[in-house]
Structures are given as structure tokens and as C-alpha cells.
Engineer: 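Shown below is the structure under consideration.
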2 protein chains.
Amino acid sequence: MPATNAAASRRRSGIPEATVARLPVYLRVLTALAESGTTTVSSEALAATAGVGSAKLRKDLSHLGSYGTRGVGYDVEYLVYQISRALGLTQHYSVVIVGVGNLGHALANYAGFATRGFRIAALVDADPRRVGEDINGLDVHHLDDLERLVKEHEASIGVIATPATSAQEVCDRLVACGVTSVLNFAPIVLAVPDSVDVRKVDLSIELQILAFHEQRKAAGATERPGSAVPDVVRGTVVAS
Amino acid sequence: MPATNAAASRRRSGIPEATVARLPVYLRVLTALAESGTTTVSSEALAATAGVGSAKLRKDLSHLGSYGTRGVGYDVEYLVYQISRALGLTQHYSVVIVGVGNLGHALANYAGFATRGFRIAALVDADPRRVGEDINGLDVHHLDDLERLVKEHEASIGVIATPATSAQEVCDRLVACGVTSVLNFAPIVLAVPDSVDVRKVDLSIELQILAFHEQRKAAGATERPGSAVPDVVRGTVVAS
DNA sequence: ATTTGTGAAGGGTTTCACAGCG
DNA sequence: CGCTGTGAAACCCTTCACAAAT
């Protein structure tokens, strides 16, 4: 699914795109382990809690360097640091969120942002009635101030949580004032220059993919009327 | 990201997982085209608006059958129907949403659900103060009634929009009462039987992936001090 | 004895380029 | 002539299995 230009990506960074997508999962599991006092973990154990195979985990980590000890495993804290560094989380990024509806509220209140070096620099909305509202300690500004806010806070990441109808226009403005990464929640395909990264989160698409698999399960069940609850069915766990 | 068991999947359905993930995008573009009165579209044009290459688009569609006309293109309405059928959207699915915080509200109000054959059968929350609240014409029920509601509405898809701490327990209960597909918004890796499909949407992970690419851009820029705004940079558009 | 790190094999996916059809 | 549909090549990713290290 994922990507475009994974080859070009790897040429520079050495880390395959598929690996990059899993590192944050490892990081989360490792952080939890560290908090529970665990100091060392094997690839087998870490892989199990992260929901992947141990060979895949080791290959992923091998792209960062040789940070394990044979016969022992990985030092939890050290791995946390190395993964953070590889992902660029030792730097801080300012994020601007455009659109403060239910979804924007959810994003503004999401604790996971701050804990990983992401600072919500500004909340912006087109509706004058929302301007001035306080969300999680942040003021809502008017869309007119978008350019000023982006430059003032040197925001490099923009989050689009607007209706689909305004998403492209907001995106264009973000890109025009220097944003180079966009996380898009609007159900629309954004057009951006090649120098800008876009990732999209699309609820409707996720549901449709699930529907596809549901359909297959149902078809399989009726093919074999004898087994009301088939005990060997393929299960699929998919990363977003 | 993507998948597990794509091989097993394809054995039954004939459609590769990577293709399944893109079909909903094509469907959305085609629906918009149909509404704007377009009756025919070429792979080139459709691919451009969907943000993919035309060869990829044609190969994707070829997995559904030969529904184009050489020298002409694809009939928009017919393609809409064929993709809908392939995805299983001609059936209707009942969805139960657990957790009615900001995110749950956003999901309950999302129009894209109903328009694709997904019916929100019930909203559920653990907080008694939310019970009885009316969201988008739907009552919020208490978590205690989860099993009853799932069975009553024959829901096969569950959406988890709870805090991470309760997500696994909610998931277990959903699976126990017959839900076979789960869309998880909680930042945690869910453990499920092989017969259950899980897809996850994780805001923090998306941001971390963007951070990785931001870091690379910054590194590239300092490597070549002469070019303040490099004009040939890799741009990456990634499907979620 | 145990667990990492990794070549090599095996699939899956994308891209190319063109044959085939309208 | 134009555009689809598709073998074949290229590429990426995963899995296997084991040598190397502690």
C-alpha cells in the first residue's frame, strides 16, 4: 500500500519505508516496557507484543545498527533512544491544526502528540464563532491568520481536519507558506508538489477495506454450510 | 504497513491486498465524476485524479475483470458498480462504535459512513453521564449493553474509540459476541484471534512517519548548502 | 546455551512496454 | 489511431535458516 519513492527514500536514509512505519510501534511498546521497569528484552518477546514476527523485528532493527547483544537481547532504554533518533524525534516539530470540529478537538486533546516531541503551535478554524475558544490550553485563531501563525511558529507539519470542500485550498496555503508535511483527514486526494509529503487518514476507506474482508468471510461460510463457525479462517491484521 | 496474509487473501478472492486498499479511492473519484455528469473516463485521467500511475490503475482494475473499452476508456457508472460489488458494498454492514469522546462524536457525525452502506447500529460508552445523549439522531447506550446491542443489530464491525486502557477489554468483548472486523483508534496493539480482522488508525504513528521524512529533508538541505530550496526533492504521497 | 544479525530464497507489488482490440 | 489489458522485468518486502557472538 504504502508508498511512492521508497527506493529514493532508502538511498538517502538506509531505512526502508516499511520499517519506518513499524518503528513507532516498537517505540511505544518499548516505552511501556521501560515504564514497567524492564531493562532488557529479546526480539521474540518484543515482536510478540508488537504483533509482528521476530525475524521481521530483527531485520527492522538491523537497519538502525547493531544495538542488541547476542545471547541476551536488547537494552530497552538504549533502543528507545536509537529508534527515537532514527525517526527524528530528538528534534521538535511544530504542528498547525486546521479545522476545529469534533475531529480537530480530538486531535488537540490527544496526549500522544506532546509526548513525542510534537508541539501543537496553533489551532485554526474558518468559523468566526469558534475563534477565541480555548481547547486544551490553546486559543483558536481565525483561518485568516494561518500564514502568520505558520511563519511565527516555524511549523513544518500541517494537519487538515476541515471538510473536504476546503481541504485543497487549505493545503495550498499551507504549502505556500512553507509547510512540508501534511496529515490529511479530509476524504479527498490532495494535490501537492513533489517536495511535500502527504499522509492521509480516511475512515471511510478503512471501513471499506474491512467490508471487503467481511464479504470474503461470509462467502467462505456459505461455501461450506456444515461449519457454522469455521475454525480455520485467515485472520488479517493490517497496519494503517 | 500493510498486510498480513495477503497470499491467503488472494487465493480466495483473486484481488491483491494492495489493490483492495486503492479501490475505495477510485470509487470516491468515480462517484464525484458521476455527480459532475462525466460518463466516460480514461485510465490516464482517472489515475491522475486518484494520485496513482495509470499502469497501476489499469492493473488494479484488471483484477476485477475487463470493464474498459479499448480506444475509449471506462464507463463511469458501470465502474462504480463493479468496484462497489468487488468491495462488498452492495451488502449492508452494521457498525457499533464504542467510546463517545471527541473522536467518537466525530465518527458518529461522519457522513461518509451512511453513504457507503455502513449503518451505525449503536453508540456505546462506559461513562453513565453520556448515556442517553443524542448524537446525530442516535442514542448513547451504556457499555453494559454492548453484547445485547451487537446481537440485536447483528453488527459485524466494531469501532474502538476508547482510551488505550480499555481498548483490549472492549475488543475481547466485541470478539466474544461475534464481531469479526475491528477498526481501532486506540494507541495500542490489539490481540485478536486469527479469524478477526483488525485495522488501526494511529495519529501518533502517522506524525512520527512524517517526522522521519522531515528529518531527511532537513539533512539533505544542509548537505548541500548551496541550494536553499532544492528543486529536485523526493516527494512522497502515501496511502494510509 | 541462547539470541542476534544476515545472506539467500520466496512472494508480492510496481513499472515497463507492447500486443490486442475497438 | 487510442487506450486497455497484460506478460515480463525490476523492485521491495518478508521469511527462512544458520553462522556468529556472548
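Throughout, protein chains are lettered first and strands after them, A, B, ... in sequence-line order, and every chain is numbered starting at 1.
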Engineer: Under 3.5 Å, which donor-acceptor pairs link side chains of residues 44-54 of chain A to any protein atom two or more places apart or in another chain?
Structural biologist:
residue, atom, partner, partner atom, Å
A:Thr49, OG1, A:Ala45, O, 3.1
A:Thr49, OG1, A:Leu46, O, 3.2

Engineer: Which residues pass the side-chain contact (heavy atoms from CB on, under 4.5 Å) test with B:Arg85, not counting sequence neighbours?
Structural biologist: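 Partners of B:Arg85 by the side-chain contact (heavy atoms from CB on, under 4.5 Å) criterion, ordered by chain and then number, come out as B:Tyr67, B:Tyr81, B:Gln82, B:Thr90.
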Engineer: How many Å lie between CD on A:Glu44 and C1' on C:dT2, as a whole number?
Structural biologist: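 Rounding to the nearest Å, CD of A:Glu44 and C1' of C:dT2 are 12 Å apart.
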Engineer: Tell me: CG of B:Leu46 to C1' of D:dG2, nearest whole Å?
Structural biologist: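 The distance from CG of B:Leu46 to C1' of D:dG2 comes to 17 Å, rounded to the nearest Å.
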Engineer: Out of C:dT13, C:dT4, C:dA17, which nucleotide sits closest to the side chain of B:Ala55?
Structural biologist: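 Selected nucleotide: C:dA17.
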Engineer: Holding to side chain to side chain donor-acceptor pair (under 3.5 Å), I want the full list of residues that pass it with A:Asp172, two or more places apart in sequence or in another chain.
Structural biologist: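 By the side chain to side chain donor-acceptor pair (under 3.5 Å) rule, A:Asp172 matches A:Gln168.
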Engineer: Given side-chain contact (heavy atoms from CB on, under 4.5 Å), test A:Glu154 with A:Ser94 step by step and report yes or no.
Structural biologist: CA-CA 7 Å; A:Glu154 295 180 310; A:Ser94 290; 5.8 Å; no
Engineer: In whole angstroms, how far is the P atom of C:dG12 from the CZ atom of B:Arg22?
Structural biologist: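 B:Arg22 atom CZ is separated from C:dG12 atom P by 15 Å.
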Engineer: Are any of A:Arg58's side-chain N or O atoms less than 4.0 Å away from OP1 or OP2 of D:dA20?
Structural biologist: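 For A:Arg58, the contact criterion (side-chain N or O under 4.0 Å from OP1 or OP2 of D:dA20) is not met.
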Engineer: Give the rounded distance in Å between these two atoms: NZ of B:Lys56 and C1' of D:dT4.
Structural biologist: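 Rounded to the whole Å, the gap is 18 Å.
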Engineer: Test of understanding: with salt bridge (charged side-chain N to carboxylate O under 4.0 Å, His left out), list the residues that count as partners of A:Arg173, not counting sequence neighbours.
Structural biologist: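 Once residues adjacent in sequence are excluded, the partners of A:Arg173 under the salt bridge (charged side-chain N to carboxylate O under 4.0 Å, His left out) criterion are A:Glu147.
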Engineer: What nucleotide among C:dT15, C:dG7, C:dT13 has an atom nearest to a side-chain atom of B:Glu17?
Structural biologist: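 Closest nucleotide to the B:Glu17 side chain: C:dT13.
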Engineer: To the nearest Å, how far apart are B:Leu23 CG and C:dT13 C1'?
Structural biologist: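 Taking CG of B:Leu23 and C1' of C:dT13, I get 15 Å after rounding.
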Engineer: Which parts of residues 67-78 of chain A get close to DNA chain D, meaning a heavy atom less than 4.0 angstrom away?
Structural biologist: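 Under 4.0 Å from DNA chain D: A:Arg70.
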Engineer: Using whole Å, what does the distance between atom P of nucleotide C:dT14 and atom CG of B:Leu57 come to?
Structural biologist: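 Going from CG in B:Leu57 over to P in C:dT14 covers 12 Å.
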Engineer: Given atom NE2 of A:His63 and atom P of C:dG5, what is their separation to the nearest angstrom?
Structural biologist: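 In whole Å, C:dG5 P lies 12 Å from A:His63 NE2.
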Engineer: Using 0.5 Å steps for rounding, measure from the CG atom of A:Leu87 to the CD1 atom of A:Ile15.
Structural biologist: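 The CG atom of A:Leu87 sits 7.0 Å away from the CD1 atom of A:Ile15.
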Engineer: To the nearest Å, give me how far apart NZ (A:Lys59) and C1' (C:dT3) are.
Structural biologist: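 Whole-Å distance recorded here is 16 Å.
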Engineer: Need to verify one output field. Residue with the more 5' nearest nucleotide on DNA chain D, B:Ser66 or A:Thr19?
Structural biologist: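 Checking each residue's closest nucleotide, the 5'-ward one belongs to B:Ser66.
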Engineer: For residues 174-183 of chain B, which residue pairs pass the side-chain hydrogen bond (donor to acceptor under 3.5 Å, both in side chains) check, not counting sequence neighbours?
Structural biologist: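 As it turns out, the side-chain hydrogen bond (donor to acceptor under 3.5 Å, both in side chains) pairs with a partner in residues 174-183 of chain B, which skip direct neighbours, are A:Glu214-B:Thr180, A:Glu214-B:Ser181.
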